[in-house]
Amino acid sequence: MASGTLYTYSNNSRAYKALIAAQYSGADVKVDPAFEFGVTNKDETFLKKFPLGKVPAFESNKKEYLTESNAIAYFVSNEQLKGSTPYEKALVQQFISYADNEILPASHAWVYPSLSVAQFNKLSVERAIEDVKGIFTYLNNYLLTRTYLVGERITLADISVACSLLQLYQHVINPEFRQPYVNVNRWFDTIVNQPKVVKVIGKFEYCVKSAEFNQ
Amino acid sequence: MASGTLYTYSNNSRAYKALIAAQYSGADVKVDPAFEFGVTNKDETFLKKFPLGKVPAFESNKKEYLTESNAIAYFVSNEQLKGSTPYEKALVQQFISYADNEILPASHAWVYPSLSVAQFNKLSVERAIEDVKGIFTYLNNYLLTRTYLVGERITLADISVACSLLQLYQHVINPEFRQPYVNVNRWFDTIVNQPKVVKVIGKFEYCVKSAEFNQ
Amino acid sequence: MSLEILAQEKVWLEKAKYADAERLYYEKMSK
């Protein structure tokens with residue numbers, strides 16, 4: 001696995017994926033302390049390496065450049081994180097895709113308006129809430145008999161899905177909403193309280209009262 | 001790599017990824033001829049295997065179940081398609097993510113209203129067109145000195161990105177729009193005319209006149 | 001390609017809106 005520098009702003013749940021993976025794999029990944037979002041990623045040096053100007057972005061010690069959080073997490077992972085058998089490797093890919101294609105869109109559509117980061121549209125938010133219920137129902141059934149999403153140990157599947165759920169559990173999913181999803185809650189709580197995960201995200205604070213849009 | 005049955009409707013560019021990968025790897029992947037979208041994927045037998053009811057969905061000959069097109073494509077791929085070195089494997093992941101997270105949303109936001117399968121919002125479509133220009137500019141620069149996206153042979157990176165561009169090139173990107181993006185056009189044309197790709201998608205027909213929203 | 005089927009596919013048409021919101025939010029927080 002590679003070592004190098006990660007460029008990101010703080011509290012970036014996409015960056016967390018790579019940082020958590022590095023904790024497990026032992027890869028030496030340092031966050032650039034001088035990075036200033038909106039400034040550094042617009043300057044010429046950065047854009048030469050990362051033409052899209054997006055973060056997280058990774059520069060290995062061998063001057064290999066990567067963008068897209070899944071790619072960076074993959075690059076700094078060890079084999080265990082990627083899945084132990086061919087089928088498990090594919091299942092890990094499945095959950096990584098599920099996190100990006102299903103969970104994140106629903107999360108953004110609920111969380112961002114609720115944090116007043118995006119405009120509030122009642123129908124969109126209601127639809128997002130229904131989507132999140134569908135996601136939680138699916139995961140809850142899936143995790144009935146499992147400790148981890150794939151195999152018997154933590155993989156990039158758990159890391160990706162958990163990171164995609166962080167903002168939901170932190171800002172909008174209050175105790176009443178999450179109460180029925182016992183298995184998801186158990187699994188999520190296990191992940192966010194792993195010492196290696198705490199090292200990256202800190203002590204996780206669950207939502208008490210759902211955030212609401214404020215003009 | 002695995003062999004088995006793919007459940008999908010026809011002309012599903014997500015399903016194409018797995019089918020093209022199987023052509024290259026030699027995996028024996030058959031599309032279920034009896035599949036009827038909206039019927040089969042809602043019946044109990046299907047939902048027991050694939051609780052989300054989505055396609056493409058894959059059932060291997062060993063009764064292993066997968067959803068998410070990237071996971072299926074990965075599962076039926078050989079090592080060459082996944083990337084030859086650790087860095088190349090990560091670059092393949094990067095382009096797979098880029099296709100899903102950047103290209104597809106912009107494509108859908110332009111193509112769907114233009115095909116009248118989504119409401120037309122002038123600002124949204126204009127924004128999508130700008131995003132597509134950004135994507136094409138990035139890829140055009142990247143492909144200036146490259147035949148394939150990663151390494152010296154076709155990989156899942158080429159397959160994923162090409163499949164994510166199909167609807168754009170087919171429905172809305174007319175000759176005038178695409179004229180400046182010489183390298184992307186060259187690369188895309190190379191991919192869609194590979195005999196193994198033609199076996200899956202047929203002879204590709206480029207957009208002549210951009211589709212427009214019709215109430 | 002059946003447009004009917006396409007219409008049933010779940011696609012994220014508003015991604016740009018949220019991507020912008022996210023970027024502006026974190027740029028502001030960065031300052």
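Note that the coordinates shown come from a computational prediction; the quantities given were computed from them, not determined experimentally. Residue numbering restarts at 1 for every chain, and letters A, B, ... go by the order of the sequence lines.
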Can you say whether [X] sits under 4.5 Å from chain B via the side chain, the backbone, both, or neither, judging by heavy atoms?
X: A:Tyr87; value: both
X: A:Lys62; value: neither
X: A:Tyr74; value: side chain

Please round to the nearest 0.5 Å and tell me the distance separating atom [atom1] of [X] and atom [atom2] of [Y].
X: B:Lys82; Y: A:Lys89; atom1: NZ; atom2: NZ; result: 7.5 Å
X: B:Ile96; Y: A:Gln93; atom1: CD1; atom2: CD; result: 6.5 Å
X: A:Thr85; Y: B:Glu64; atom1: OG1; atom2: CD; result: 7.5 Å
X: B:Lys54; Y: A:Glu102; atom1: NZ; atom2: CD; result: 3.5 Å

Checking A:Gln94 side chain against B:Thr67 main chain: does a donor-acceptor pair fall under 3.5 Å?
yes
Heavy-atom closest pair, residues B:Ala90 and A:Ala71
O-CB, 3.3 Å
Could you pull out the closest heavy-atom pair between B:Tyr65 and A:Leu91, with the gap in Å?
O-CD2, 4.2 Å
Looking at chain B, which one of A:Asn70, A:Leu66, A:Asn141 has the largest number of heavy-atom pairs inside 4.5 Å, strictly under?
A:Leu66
Would you find more than 12 non-hydrogen atoms of other residues, nucleotides or ligands less than 6.0 Å from B:Arg186 atom CZ?
yes
Is it the case that atom NZ in B:Lys49 sees more than 12 heavy atoms from other parts of the structure closer than 6.0 Å?
yes
Should A:Asp100 and B:Asn101 count as side-chain neighbours, where that means a heavy-atom distance under 4.5 Å?
yes
